[in-house]
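Since the structure comes first, as structure tokens, the remarks are kept for the end.
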Amino acid sequence: MQPLPKEYNFAEIERRWQQKWEEMGIFRYDWNDTNRVSFSIDTPPPYPSGELHMGNVLNWTYFDMVARYKRLRGFNVLFPQGWDCHGLGIEIQVEKANNIRKRDLPPDQFRGMCMALVEKYIAMMKEGILKLGCSIDWTTEYKTMDPDYWRRTQLSFILLHQKGYMYQGTHPVNWCPHDETAIADAEVDYVKRDGILNYIRFPLEGTDEHLLIATSRPEFIPACVAVEVNPSDERFNKYIGKKIVVPLVNRTVTIIPEESVDPEFGTGVVQICTYGDKEDVKTVMKHKLPVIMLLSENGRINENGGKYHGLTVNQARAAIVQDLTEAGLLDHTEKIQHEVGVCDRCKAHVEILERKQWFMKTRDLTEAVEKNANEVVWYPDYMKNRLIDWARSLDWDWVISRQRLFATPIPVWYCKSCGELILAKPEWVPIDPKLERPKIDRCPKCGGSEFTGETDVFDTWMDSSITCAVHAGWPDRADWKRLFPADVHPSGTDIIRTWAYYLMVRHLALFDETAYKSVLINGMVLGQDGRKMSKSLKNYVAAPEALNKYGSDAIRQWAAGGGATGSDIPYRVQDVEYGRRFLVKLWNVSGFCSKLLADYTPVEADSVELQPLDRWLLSKTEKVTQKVTDAFEKCQFNIAVEEIRNFTWHVFCDAYVEAAKDRLYRPEVHGQNKRAAAQYTLYAVLYRVLQMLSPVVPHLTEEIYQTMYAPDKGYPSLQQAPWPVFNEALVDEPTEKHGDLIVEFIGEVRREKAENRMSLNTPIKTLKVYAGDHSAAEALEDGKADIAGTLKAETVEILPEEGSGRPVAQFPTVHFVAEYQVAAKTS
RNA sequence: GGGCCGUUAGUCUAGCUGGCUAGGACGUCGCCCUCACGCGGCGAAGAUCACCGGUUCAAAUCCGGUACGGCCCA
């Protein structure tokens with residue numbers, strides 16, 4: 001066997017194996033292999049946002065451990081990689097970086113600038129993912145901004161349109177007045193803001209009385225369509241059905257009953273405007289109230305605002321408050337804190353507008369989503385509630401159209417003469433209706449020949465919510481169902497309500513089948529201080545820097561072992577450093593083994609005389625194999641990594657190797673047979689350690705494997721060696737008990753040496769052991785060679801009887817008396 | 001206001017389908033230049049497992065409540 005070099009250069013080793021694996025092509029999904037069962041990972045294509053961050057590191061380490069583990073278990077694994085390019089985020093960055101507004105440029109030029117930025121970001125993220133050593137099948141790489149991907153998004157739309165899931169409608173939508181586009185519920189964040197509650201007098205028609213209503217949005221008075229009170233509110237229910245005058249605009253509206261009005265809030269009388277907030281939308285729908293749209297798409301008051309036409313919302317608010325004050329209608333004001341919806345990209349206050357939009361009938365699928373969410377396996381299980389709660393909470397269908405530029409076009413046209421909708425045929429896509437005509441000459445309805453292409457585009461989630469099918473090869477491969485539904489969809493806690501949800505509704509609608517069979521959840525990465533990691537909190541750690549400093553194998557141990565799957569984990573340098581030290585330990589013990597195994601030829605277990613400690617270690621090895629396998633099966637990476645590390649460091653290195661050293665070094669004393677038995681054990685157990693560690697620490701284990709084991713084992717890569725199967729026959733409880741006694745006994749004698757400030761290799765002249773009974777005596781007698789060797793005892797005398805002396809902590813019936821040479825000399 | 005999750009030594013974290021002296025890491029303290037490793041070894045100290053009540057022969061683990069914290073949503 002080749003000895004390992006003394007120094008361990010992780011940067012060189014990691015780079016080298018990353019290259020070699022790619023050259024070997026061993027991480028590619030094999031479409032020609034029909035023997036192995038397929039296993040597909042629905043890698044979520046990331047939104048390219050710049051350099052890789054520690055959250056990405058956590059995610060990709062999870063994906064990669066699953067991919068590697070499953071391959072070792074004999075699966076034909078698909079681990080694809082794509083990039084989710086489109087979106088408002090990139091548009092905003094391009095606008096900021098170039099100090100432009102997108103509508104001031106030709107659309108193609110703006111799109112080009114977006115693509116250039118995305119390409120730059122992809123390169124940065126890809127570098128990080130490569131450095132992490134992910135076993136991705138790079139032949140699958142795709143970008144959602146490529147026309148070939150448009151084709152899939154557009155085709156999925158066409159099919160869903162044909163199935164009746166897509167419709168156009170004028171409905172209230174969340175609207176970002178800054179970006180001038182509709183946005184989905186999932187894109188609205190809620191933040192606490194200071195506001196002012198205005199108490200305004202609304203005169204009751206035909207009387208001198210008035211009611212005081214409280215509102216934080218007085219600028220919506222011109223769009224007031226009703227006033228509502230709680231029907232059980234004794235103060236006001238007598239006014240229900242009466243007419244009340246909207247101040248300044250002098251319209252009358254009806255006072256209506258509404259249970260959801262909180263009598264405690266404000267005055268208990270509220271105005272309904274179209275639309276001040278989502279509650280207004282619900283009320284308008286429920287009571288079938290008229291709608292007065294007050295805002296235009298850029299957030300300014302429109303012609304329905306009368307004298308306030310053209311003002312911004314804030315200007316209008318000031319003007320209206322001023323006018324109310326002058327008219328003596330503003331009773332008083334009060335400062336409040338309230339939650340307002342803001343655009344998750346630009347943080348502008350989200351308004352609610354009615355505009356013609358495309359929708360997907362997602363609410364029809366809520367029951368199916370819930371049913372499938374319950375059937376899917378979730379790691380950890382309780383995370384399924386997030387998806388179910390979200391699906392149930394949705395008030396509106398999904399708005400899939402956006403008024404943006406950098407996105408997949410919606411493949412429809414409208415006949416200029418009759419307005420007929422022309423839906424693209426599946427064979428027309430990819431197509432951009434803004435640039436191309438439909439591939440028909442005449443409108444099928446009126447015969448007109450002029451068409452207007454749809455200018456709206458798809459929500460980015462329309463691209464990324466079909467990945468389970470796309471990764472499987474849909475729509476181009478006839479055999480795509482081999483890989484569909486995805487075996488595992490990995491997702492962060494923050495995107496369950498978007499990614500996991502949209503995937504489920506789209507695939508259910510398209511194929512009447514669940515998108516994925518299991519969901520693997522990762523938590524968020526926190527800073528060292530336990531708060532969410534962010535640049536503004538100064539607790540941010542750049543992933544490329546960390547990877548360069550500590551190496552992928554160390555960082556991956558942090559990702560795997562930092563906490564339970566699904567829980568948020570802090571980035572802790574101490575954990576990474578522990579990982580580094582573990583690697584050094586593994587490297588050193590491997591080097592030690594390679595030296596002592598230089599003359600070793602692998603043999604079968606029955607050709608060596610295994611000693612008690614050998615059998616003890618082999619039995620423990622089987623048990624840890626079972627635990628680690630079980631942990632990987634349940635995606636409990638933290639348990640897996642802790643089990644292997646503790647076993648390797650403390651059981652294998654500290655206990656076994658230390659006790660077996662004398663046998664290995666001095667065959668002339670103990671005999672060649674006992675040395676061979678120790679060699680056999682070292683060889684077998686180190687290999688097992690490398691195997692079990694390889695999904696977490698792929699580079700170093702590969703390096704050690706290649707030097708020490710490849711010539712004998714024959715697998716081109718450790719990543720292709722079959723996962724060890726738990727062998728119950730090797731578990732031997734009595735032997736483990738005996739071994740534990742030997743190890744504990746050695747420990748106790750060492751403790752005595754330590755307490756007396758003696759070096760551990762202080763020679764013992766005679767060691768007298770009172771085992772307490774025959775069974776213990778036999779066990780110790782069996783391990784006598786290792787005991788004597790490890791403790792540097794010249795003679796060891798083991799007696800079955802009880803006796804006095806120092807008791808062994810874990811085995812208090814065993815006592816010993818040690819006579820030291822040093823003590824004899826100094827006395 | 002609703003939902004979910006959490007509260008374990010100075011710090012982080014495991015265990016929570018109930019059962020030995022609650023495991024690990026970091027940090028702290030003491031000792032040891034033992035021929036793989038001082039990025040090491042051998043040891044030590046440090047936790048009434050948030051609080052109250054219940055179920056049980058037995059609870060960190062199950063049930064109910066309280067307090068505090070986090071995330072998501074309204």
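By convention in this document, chain letters (A, B, ...) are assigned in the order of the sequence lines, proteins followed by strands, and residues within each chain are numbered from 1. All heavy atoms count here, side chains included; hydrogens, waters and symmetry mates do not.
- As the counterpart of B:G46, no nucleotide is assigned, since no Watson-Crick or G-U wobble pattern has both distances under 3.5 Å.
- Partner of A:V696 under the side chain to side chain contact (heavy atoms under 4.5 Å, CB included) criterion, chosen from A:T61, A:D553, A:V641: A:V641.
- The separation between A:N638 atom CG and B:C16 atom P is 11 Å, rounded to whole Å.
- Atom P of nucleotide B:G41 and atom CZ of A:F592 are separated by 14 Å, given to the nearest angstrom.
- At a threshold of 4.0 angstrom between heavy atoms, the contacts of A:E577 with the nucleic acid are absent.
- The interatomic distance linking A:Y571 (OH) with B:A25 (P) rounds to 19 Å, in whole Å.
- Comparing A:L596 and A:S393 along RNA chain B, the residue whose closest nucleotide (by nearest heavy atom) sits nearer the 5' end is A:L596.
- A salt bridge links A:K371 to A:E375: one of the charged nitrogens lies within less than 4.0 Å of a carboxylate oxygen.
- Atom name C1', nucleotides B:A9 and B:A47: the rounded distance is 4 Å, in whole Å.
- Closest to the side chain of A:N588, from the set B:C4, B:C37, B:C73, is B:C37.
- Remark: C1' of B:C5 and CH2 of A:W390 are 19 Å apart, rounded to the nearest angstrom.
- Summarising the base pairing, B:U17 is matched to no nucleotide, lacking a Watson-Crick or G-U wobble pair whose two defining distances lie under 3.5 Å.
- Checking B:C37, B:C73, B:G24 against every side-chain atom of A:E642, the shortest atom distance belongs to B:G24.
- With rounding to the nearest 0.5 Å, the separation of CG in A:N59 from NE2 in A:H53 is 7.5 Å.
- Each of B:U13, B:C73, B:G24 was ranked by its minimum atom distance to the side chain of A:N646; first place goes to B:G24.
- Among B:C26, B:G23, B:U13, the nucleotide with an atom closest to any side-chain atom of A:P570 is B:U13.
- As rounded to the nearest Å, B:C68 and B:G24 have C1' atoms that lie 27 Å from one another.
- In this structure, the nucleotide among B:A14, B:C39, B:A25 sitting nearest to the side chain of A:S567 is B:A14.
- With B:G41, B:C73, B:C37 as the candidates, the nucleotide lying closest to the side chain of A:R497 is B:C73.
- A donor and an acceptor atom never sit less than 3.5 Å apart when one is taken from the side chain of A:E752 and the other from the base of B:C31.
- At B:G41, one or more side-chain N or O atoms of A:K585 fall inside 4.0 Å of OP1 or OP2 (strictly under the cut-off).
- Base pairing analysis places B:U61 opposite nothing; no Watson-Crick or G-U wobble pair with both distances below 3.5 Å involves it.
- Side-chain proximity of A:Q574 to the nucleotides B:A14, B:C26, B:C37 is greatest for B:C26.
- B:U56 and B:A45: their P atoms are spaced 38 Å apart (whole Å).
- Once rounded to the nearest 0.5 Å, the distance linking CD1 of A:I746 with CD of A:E748 reads 12.0 Å.
- Taking atom P in both B:U21 and B:A59, the straight-line distance is 12 Å, to the nearest Å.
- As rounded to whole Å, 13 Å separates atom C1' of B:U34 from atom CG of A:D654.
- Checking B:U7 for Watson-Crick or G-U wobble geometry (two distances, each under 3.5 Å) identifies B:A67 as its partner.
- Looking at heavy-atom distances under 4.0 Å, A:K595 makes contact with sugar-phosphate atoms alone, never a base.
- Remark on RNA chain B: of its neighbouring residues A:G561 and A:Y382, the 5'-side contact belongs to A:Y382, judged by nearest-heavy-atom nucleotide.
- Remark: B:C31 base-pairs with B:G41; criterion is Watson-Crick or G-U wobble with both hydrogen-bond distances under 3.5 Å.
- Aromatic rings from A:Y501 and A:W398 are positioned such that their centres are separated by 6.0 Å or more.
- Phosphate contact (OP1/OP2 of B:G41, side-chain N/O of A:W649, threshold under 4.0 Å): present.
- Picking from B:C26, B:C37, B:C12 the nucleotide with the shortest atom distance to the side chain of A:V584 gives B:C37.
- Under the 4.0 Å criterion applied to side-chain N and carboxylate O atoms, A:D599 and A:R675 are assigned as salt-bridge partners.
- A:G747 comes within 4.0 angstrom of the backbone, heavy atoms only, and of no base.
- Among the protein residues, A:C653 comes within range of the nucleic acid bases, having at least one heavy atom under 4.0 Å from a base atom.
- With both ends at atom C1', the span from B:U34 to B:G43 equals 15 Å, rounded to whole Å.
- Closest to the side chain of A:R581, from the set B:C73, B:C39, B:U13, is B:C39.
- Rounding to whole angstrom units, CG of residue A:L686 and C1' of B:C37 are separated by 14 Å.
- Only the C1' atoms considered, B:A25 is 15 Å distant from B:G15, to the nearest whole Å.
- Here the C1' atom of nucleotide B:G6 and the CE atom of A:M383 are 11 Å apart, to the nearest Å.
- With P as the reference atom, B:G70 and B:G18 are 32 Å apart, rounded to whole Å.
- Here A:I13 contributes atom CD1 and A:E703 contributes atom CD; the two are 4.0 Å apart, rounded to the nearest 0.5 Å.
- Comparing B:C4 with B:C42, their C1' atoms are spaced 46 Å from each other, to the whole Å.
- OP1 or OP2 of B:A25 has at least one side-chain nitrogen or oxygen of A:H650 nearer than 4.0 Å.
- Remark: A:R572 is not in phosphate contact with B:U11, judged by side-chain N or O atoms under 4.0 Å from OP1 or OP2.
- Pairing of B:U55, defined by two Watson-Crick or G-U wobble distances under 3.5 Å, is not identified with any nucleotide.
- Salt bridge present: A:E733 and A:K623 bring a charged side-chain N and a carboxylate O closer than 4.0 Å.
- Salt-bridge check for A:D381 with A:K384: passed, with a basic side-chain N closer than 4.0 Å to an acidic carboxylate O.
- In this structure, the OH atom of A:Y8 is 14 Å from the C1' atom of B:C37, given to the nearest Å.
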